[in-house]
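Worksheet: one structure, shown below.
Computation of the quantities below employed the complete heavy-atom set of this structure, encompassing side-chain atoms and omitting hydrogens, waters and symmetry-equivalent molecules. The chains referred to below are lettered A, B, ... by the order of the sequence lines, with proteins before strands, and numbering in each begins at 1.
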Protein chains: 2
Amino acid sequence: MVKCRKNNLNDVFSVLSDPTRRSIIEQLSKGERSVQELAQPFDMSLPAISKHLKVLEKAGLVSQRKEGRYRYYFIKPDSMDSACEWMEGLKQVWTKLEGMFSGGKNKSQ
Amino acid sequence: MVKCRKNNLNDVFSVLSDPTRRSIIEQLSKGERSVQELAQPFDMSLPAISKHLKVLEKAGLVSQRKEGRYRYYFIKPDSMDSACEWMEGLKQVWTKLEGMFSGGKNKSQ
DNA sequence: GCGACACTTTACCATATGGTTAAATATAAA
DNA sequence: TTTATATTTAACCATATGGTAAAGTGTCGC
């Protein structure tokens with residue numbers, strides 16, 4: 001019941017649209033981190049970070065593990081796949097378009 | 001002055017988080033379209049579509065060309081690159097992580 | 001010129017988002 | 001048991017977002 005690769009493009013892209021959350025993801029890509037560790041670089045209250053983590057978790061990008069009073073968050077590696085694939089697909093088409101632009105009629109900007 | 005690849009990750013991801021806008025992008029990847037053509041598949045007012053197009057344009061993903069009373073929108077092919085690259089970078093790291101998970105300590109879920 | 005057409009702009013509205021502070025919960029330490 | 005630490009939850013607030021209807025703008029066709 002791993003809820004693997006559900007078509008949650010909305011959630012994934014929405015999550016990634018916030019710089020704080022992208023930064024958290026970047027931190028987590030170096031390994032699991034406690035909430036304090038994650039919060040440290042930001043000039044922001046702990047509840048704010050907690051909320052971001054909840055959003056990230058709901059979108060399936062991270063998960064957590066409780067150890068004593070600490071809570072370690074870590075990345076769920078395949079969670080971004082659907083979004084990645086969506087963009088890849090577009091990118092292919094767009095590359096073709098780029099050729100059309102160079103040779104073609106649309107020279108706007 | 002092409003405003004090429006400014007670090008507008010926020011805007012790009014934000015734009016992509018809306019299914020209507022993703023759908024518009026998918027349509028446009030088949031070629032330029034007028035506003036009516038773009039609006040046709042949606043059960044939504046024209047102003048709503050117009051707004052979405054504006055958002056897409058502001059984020060730099062599309063541009064338009066006026067022809068008579070029609071307005072043709074088209075994709076700006078390299079506009080998604082920064083976002084694409086960001087995800088690619090993550091994906092590489094995550095793939096490594098996946099290996100760590102299989103062999104490793106985090107078996108959560 | 002005038003009405004139809006294509007589209008945008010302008011209010012306007014409900015809900016979502018991202019932040020805050022203060023209180024609650026849970027575990028560790030003294 | 002009391003206190004400190006780690007984190008979440010709750011209540012609140014301002015602003016952003018995605019939609020609407022109605023009016024405005026510009027172009028075409030009669």
Side-chain angles (χ1 to χ4, degrees), chain A residues 8-28 31-75 83 106 108-109, chain B residues 8-28 31-75 83 106 108-109:
Chain A
N8 57 342
L9 289 177
N10 292 13
D11 287 348
V12 173
F13 282 127
S14 174
V15 151
L16 296 181
S17 72
D18 184 277
T20 304
R21 281 184 308 246
R22 281 199 310 275
S23 182
I24 287 176
I25 289 181
E26 285 169 1
Q27 283 192 76
L28 289 182
E32 65 176 17
R33 295 280 187 275
S34 74
V35 176
Q36 348 176 60
E37 287 172 324
L38 289 172
Q40 184 267 323
F42 303 105
D43 186 21
M44 199 181 290
S45 71
L46 220 47
I49 300 295
S50 193
K51 270 177 152 189
H52 280 303
L53 289 170
K54 207 166 198 177
V55 173
L56 282 161
E57 193 172 19
K58 191 175 160 234
L61 272 75
V62 309
S63 195
Q64 34 144 321
R65 169 176 78 79
K66 218 175 158 186
E67 185 174 308
R69 51 184 158 169
Y70 297 91
R71 210 168 279 227
Y72 291 100
Y73 281 83
F74 54 90
I75 274 182
N106 277 316
S108 313
Q109 214 170 24
Chain B
N8 57 342
L9 290 177
N10 293 13
D11 287 348
V12 173
F13 283 127
S14 173
V15 152
L16 298 181
S17 71
D18 185 278
T20 304
R21 283 186 305 248
R22 282 200 308 277
S23 182
I24 288 177
I25 289 181
E26 285 168 1
Q27 282 193 75
L28 289 183
E32 65 175 17
R33 296 281 186 270
S34 74
V35 177
Q36 351 175 58
E37 286 171 325
L38 289 172
Q40 183 266 323
F42 303 105
D43 185 21
M44 199 181 295
S45 71
L46 218 48
I49 300 294
S50 193
K51 270 179 152 188
H52 280 303
L53 289 170
K54 208 167 201 176
V55 172
L56 281 161
E57 192 172 20
K58 191 174 160 232
L61 271 75
V62 310
S63 194
Q64 34 144 321
R65 172 175 78 81
K66 218 175 154 185
E67 187 173 309
R69 48 185 160 170
Y70 296 91
R71 209 167 280 226
Y72 292 100
Y73 280 84
F74 54 91
I75 275 182
N106 276 317
S108 315
Q109 208 170 30

Between Lys66(A) and Ser14(A), which residue's closest nucleotide on DNA chain C lies nearer the 5′ terminus?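 Closer to the 5' end of DNA chain C: Ser14(A).
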
Start at the 5' end of DNA chain C and walk down; is the nucleotide closest to Met44(A) or to Glu67(A) reached first?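 The residue mapped nearer the 5' terminus is Met44(A).
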
Can I get a per-line list of side-chain donor-acceptor pairs under 3.5 Å for residues 35-46 of chain A, giving both atom names and the distance, sequence neighbours left out?
from, atom 1, to, atom 2, distance (Å)
Glu37(A), OE1, Ser34(A), N, 2.8
Glu37(A), OE1, Ser34(A), OG, 3.4
Ser45(A), OG, Ala48(A), N, 3.3

Starting at the 5' end of nucleotides 1-13 of chain D, put B wherever the base has a protein heavy atom under 4.0 Å, S where only the sugar-phosphate does, and a dash everywhere else. ----BSBBB----

Quick one: does Arg22(A)'s side chain have a donor or acceptor within less than 3.5 Å of a partner on Leu16(A)'s backbone?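 At least one qualifying donor-acceptor pair exists.
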
Are any side-chain N or O atoms of Arg65(B) and backbone N or O atoms of Phe74(B), one a donor and one an acceptor, separated by less than 3.5 Å?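 A pair under 3.5 Å: no.
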
Please report the C-alpha distance between Gln64(A) and Tyr73(A) in whole Å, then the side-chain angles of each, then the deciding distance to 0.1 Å, and finally whether the side-chain contact (heavy atoms from CB on, under 4.5 Å) criterion is met. CA-CA 4 Å; Gln64(A) 34 144 321; Tyr73(A) 281 83; 3.6 Å; yes

Which heavy atom in Ala59(B) sits nearest to a heavy atom in Asp11(B), and how many Å separate them?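 For Ala59(B) and Asp11(B), the tightest heavy-atom pair comes out as CB-CB, 3.9 Å.
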
Which heavy atom in Ile25(B) sits nearest to a heavy atom in Ile75(B), and how many Å separate them?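 Closest approach of Ile25(B) to Ile75(B): O-CD1, 3.5 Å.
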
5' to 3' on DNA chain C, which nucleotides open and close the contacts with chain B (atom under 4.0 Å from a heavy atom)?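 Terminal contacting nucleotides, 5' to 3': dA4(C) to dT9(C).
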
Measuring from atom OG of Ser17(A) to atom CG of Leu9(B), what distance do you get when rounded to the nearest 0.5 angstrom?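 Nearest 0.5 Å value for the OG-CG distance: 10.5 Å.
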
If you measure from CG on Leu61(B) to CD1 on Ile24(B), what distance do you get to the nearest 0.5 Å?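 Output value for this atom pair is 11.5 Å.
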
